[in-house]
Amino acid sequence: MQYAIEVEQLTKKFGEFVAVDNISFKIPRGSVFGFLGPNGSGKSTTIRMLCGVLTPTSGKGLILGKDIVAETEEVRQNLGYMSQRFSLYEELTVNENLDFYAGVYGLDAQERSARKEELIHMANLKGKEKSLARNLSGGWKQRLALGCALIHKPRLLILDEPTAGVDPVARRVFWEIIHGLAKQGITVLVTTHYMDEAASCDIVGFIFDGKMINIASPKELIQQEKVDNLEDIFITYVETLSGINVHPDFTAIKFLSKADERADKKVD
Ligand SMILES: Nc1ncnc2c1ncn2[C@@H]1O[C@H](COP(=O)(O)OP(=O)(O)OP(=O)(O)O)[C@@H](O)[C@H]1O
C-alpha cells in the first residue's frame, strides 16, 4: 500500500513540555483522515511538523515519501494547507487572492488562469470574482480558502478546523467537495470538533496530551469501544484519560430565586 503520511515516533518538546509524544501512524493515499482531540492535545503542533514549519525534537515523518525535515521544499510543493483563520487577504478580491497564491507557487499565466477557472467552479464562486474577501460570508470565505490551498494541485490537503463557525449548509457543501477530492486520489487530513464530520472520514485518530490513543475507521472504533457513536468515544476517552467527569452536577445550584419559582408555579 502507498501512504501519503508516515509518522514514526514523532515527538515535539517545547522546553521540558512534551506537546507531541512519540506518535506513529500511517495514512493510505486517497483517504480522509479525521485528526481528533480536545483543545491543546497536540493536533496543530503535529500539523506544523508535517508542513515543515516546526522541527521535530525526535522521530521521523514522510509526506508522499518525502522527509519532512530533509526535503521540506518537496513536501511543501505536494501539500495544501488551510488554517483555522482561512489565511485570506481581506482587502484583496477573490481573483486577487487566487492570483496571490498562484504566484507563491510559481504558476505561469496560462496555468494560473485555467486553474483559477476550475477552482472558482469548484468553490461555486462564479460571479464573485471581483468581490473583496472581506465582504464574503463564512461559507464563501471557507471555499475561497480551500481554492487557495488547492491552487498548486497538491496531493495532500491539510485542513485545520475548516468548518468552525460556518453554517450547516456550507458545512455540507464543503464536505461534499472534500469527499470528491478524495475520490480523485487526494489525501485529506482534517481536524474537527464535529463528530458527524469525523464519522464520514475513512480513518480517525484520537490524540490526547500529545499521545495517539487510538486510530482506526469510525466503524472499527465504535465496535471496539462498544458505544453508539464517535461523540461517546470522544467523551469516554476524555473522562478516562483526564479523570474529569464532563457532566457537571447542576442540581445543587439554584438558578431561579424562590419568588421566580413560585411565580412559575402559579396557574391562572
Ligand atoms: N510554541 C509553543 N511553545 C510552547 N507551548 C506550545 C507552543 N505551541 C503549542 N504549545 C502547547 O502545546 C500543546 C498542544 O498545542 P496544540 O496547538 O498543538 O493543540 P491543539 O490540539 O491543536 O489544540 P486546539 O484544538 O485548541 O487547536 C498546548 O498545551 C499548547 O499550549
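Start at 1 and go down the list; that is how both ligands and their atoms are numbered. The model shown is predicted, which means the values in this text are computed figures rather than measured ones. Residue numbers count from 1 along this sequence.
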Which atoms form the tightest heavy-atom contact between Ala149 and Leu157, and what is the distance?
-> CB-CD1, 4.1 Å

Could you pull out, from Phe208, Phe17, Phe35, Phe14, the option with a heavy atom nearest to atom 29 (O) of ligand 1?
-> Phe17

Glu161 heavy atoms within 4.0 Å reach ligand 1 at atoms 25 (O)

Proximal atoms of ligand 1 relative to Ser41 (non-hydrogen, under 4.0 Å) = 19 (O), 20 (P), 21 (O)

Identify whether NZ of Lys or CZ of Arg in Arg172 sits under 6.0 Å from the centre of the six-membered ring of Trp175 and within 45° of that ring's axis.
-> no

Side chain of Gln9, backbone of Ser58: donor and acceptor closer than 3.5 Å?
-> no

List every atom of ligand 1 that sits less than 4.0 Å from any heavy atom of Lys43, numbering the atoms from 1 in the order shown and giving each element.
-> 18 (O), 19 (O), 20 (P), 21 (O), 22 (O), 23 (O), 24 (P), 25 (O)

Any chance you could measure Arg155, atom CZ, to Thr187, atom OG1, to the nearest 0.5 Å?
-> 8.5 Å

Under 3.5 Å, is there a donor-acceptor pair between the Ser83 and Asp160 side chains?
-> no

Does any N or O atom in Gly37 lie less than 3.5 angstrom from one in ligand 1, N or O only?
-> no

Is at least one protein non-hydrogen atom found at under 4.0 angstrom from atom 31 (O) of ligand 1?
-> no

Contact between Pro38 and ligand 1, counting heavy atoms under 4.0 Å?
-> yes

Considering the heavy atoms of Ala19, write down every atom of ligand 1 situated less than 4.0 Å from one of them.
-> 12 (O)

Hey, looking at atom 13 (C) of ligand 1, which of Ser44, Ala164, Gly40 has the closest heavy atom?
-> Gly40

